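Here the structure is laid out as structure tokens; the discussion comes afterwards.
These figures come from a predicted structure and were not determined experimentally. Order of listing sets the numbers, starting from 1, for every ligand and every atom in it.
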Amino acid sequence: MKFKLHNRFKSLFGGLLAINLLFAAPAMASIQDQAADTAKVEQAATPAVTADSAAAPADSSAAAVAATDSASVSASDTSGSTVVPAATTTQKEEKKIDPQVYKNLTYYILLFLFICTVVAVIGKVQSIYVLTKKVNGKYNPLANNTLQAGLLFVFLVGFLGFVYYGYAVWGSWSWRPAATEHGKDIDTMFIITTVIITIVLVLVHILLLTFTYIYRMRAKRKAYFYPHNDAIERLWTIVPAVVLTILVLFGFFTWRSITNIPEDLKKSALQIEVLGEQFMWTVRYPGADGEFGKRNYKLTTPLNSYGIDYNDKTAWDDVKGDEIVIPVNKPVRFHIMSKDIIHSFYIPDFRVQINAVPGMTNYFQFTPTITTDEMRDKMNDPQYNFVMLCAKICGESHYNMQKNVRVVTEAEYKEWLSKQAKFFTEDLQKEFAQTEGENTEKNDRIAASLN
Ligand SMILES: [Cu+2]
């Protein structure tokens, strides 16, 4: 009995220590922030005072707060916020980071120690429990099995709850009506795949976690040795193989129907070029002649960042789009290129995504079926916009690679296009007029080097 009491005392002490740390940790963190503030204020007021001496009294007050009870926590919190107005305006500018976001090292060390203490206390309580059972002669070695199996069953209920929550609450976030013709095919494929996956996910987890409970080790049951069954092996090999084959073929034929477009339809579509680079997209419309001027990366200059060859007269009317504007219900063919590394041309609402690869052109042809205005009505959001994003993490400003996409009527499209600037700016025209002869020679050399 002496031994038992001793252990209880230890766990009680550990528990008290843990509770104390729980309150002390945030208090000390806020005191540290406060100390930093006062150090700054004093430094600003009297430059002779060093940061160390200013922080020293604050440190001793931190220890004092940690020693006292939780009442001082709220007191120190409020005093922490009252220090800030006392500082000058320059301090306010410096202190833009919320101290709650930018916690110091002491806080994390204390948090770590606290978690360790909690784990240790739980372990101790558990071992005391087992010991008392053993002492009283009531110890059942199989009881732990029942506990573990029960916990797995609880996990199952929690897991299924979260699956349901995920679909019910977050499902709609990934679900918007497709705004293109082919988008409906992709959505059908997506729904079928999701339904199959969800059925398998739920069934497998129910079987896995209820069986661990039903067939847990018990005193009166002996395990049944079941080494092999050909029928089951066949079943769980053939059924998934067939299902996966169907899904893969389904995907293959859908992708083919989207990308295999007859030559005449390719040509009659509205052509738009997008050139990705770190970290922007440039959009080129072919102008009145419907043809893009030739382009060669070797012609890239500060003025001609797209590398357009102005010896090709079809380039002269090429139009630069400040956003992507396309007419509704008209096939559009995007030519997708990259200047530097791999980017990805992605318009989620259109179910369009394809990589922009340096050195080659990828194509995506589709027909938008909903205008931006109609989509805004559907979404019940007057600010809603289609957006084109880079879907390949390509560097620090990757997030910057987006362009607004507007789907409008044919008339609105023509009006917008007429207002866009040409690539062949006046500066470029002057440069071109001066060096026309040279340029032809240069281009001949380039053409020769490429062959
Ligand atoms: Cu990118």
Next item on the list: Before giving the answer on side-chain contact (heavy atoms from CB on, under 4.5 Å), spell out for Phe334 and Gln271 the whole-Å C-alpha distance, their side-chain angles and the decisive distance to 0.1 Å.
Entry: CA-CA 6 Å; Phe334 275 92; Gln271 314 286 324; over 6 Å; no

Next item on the list: Scan residues 243-263 for pairs that pass salt bridge (Lys or Arg N to Asp or Glu O under 4.0 Å), counting only residues two or more places apart or in two chains.
Entry: Glu263-Lys266

Margin query: Taking 2.8 Å as the cut-off, does Met401 contribute an N, O or S atom near the Cu ion (ligand 1), distance below it?
Written below: yes

Item checked: Under 2.8 Å: N/O/S of His398 next to the Cu ion (ligand 1) -> no

Next item on the list: Kindly determine whether His228 and Asp230 satisfy side-chain hydrogen bond (donor to acceptor under 3.5 Å, both in side chains), including the steps that lead there.
Entry: CA-CA 7 Å; His228 198 74; Asp230 279 342; 2.9 Å; yes

Pair up each side-chain donor or acceptor in residues 202-215 with any protein partner under 3.5 Å, not counting sequence neighbours, and list the distances.
from: His205; atom 1: ND1; to: Leu201; atom 2: O; distance (Å): 2.8
from: Thr210; atom 1: OG1; to: Ile206; atom 2: O; distance (Å): 2.5
from: Thr212; atom 1: OG1; to: Leu209; atom 2: O; distance (Å): 2.8

Check: For the Cu ion (ligand 1), what is the closest N, O or S atom on His343?
Finding: ND1

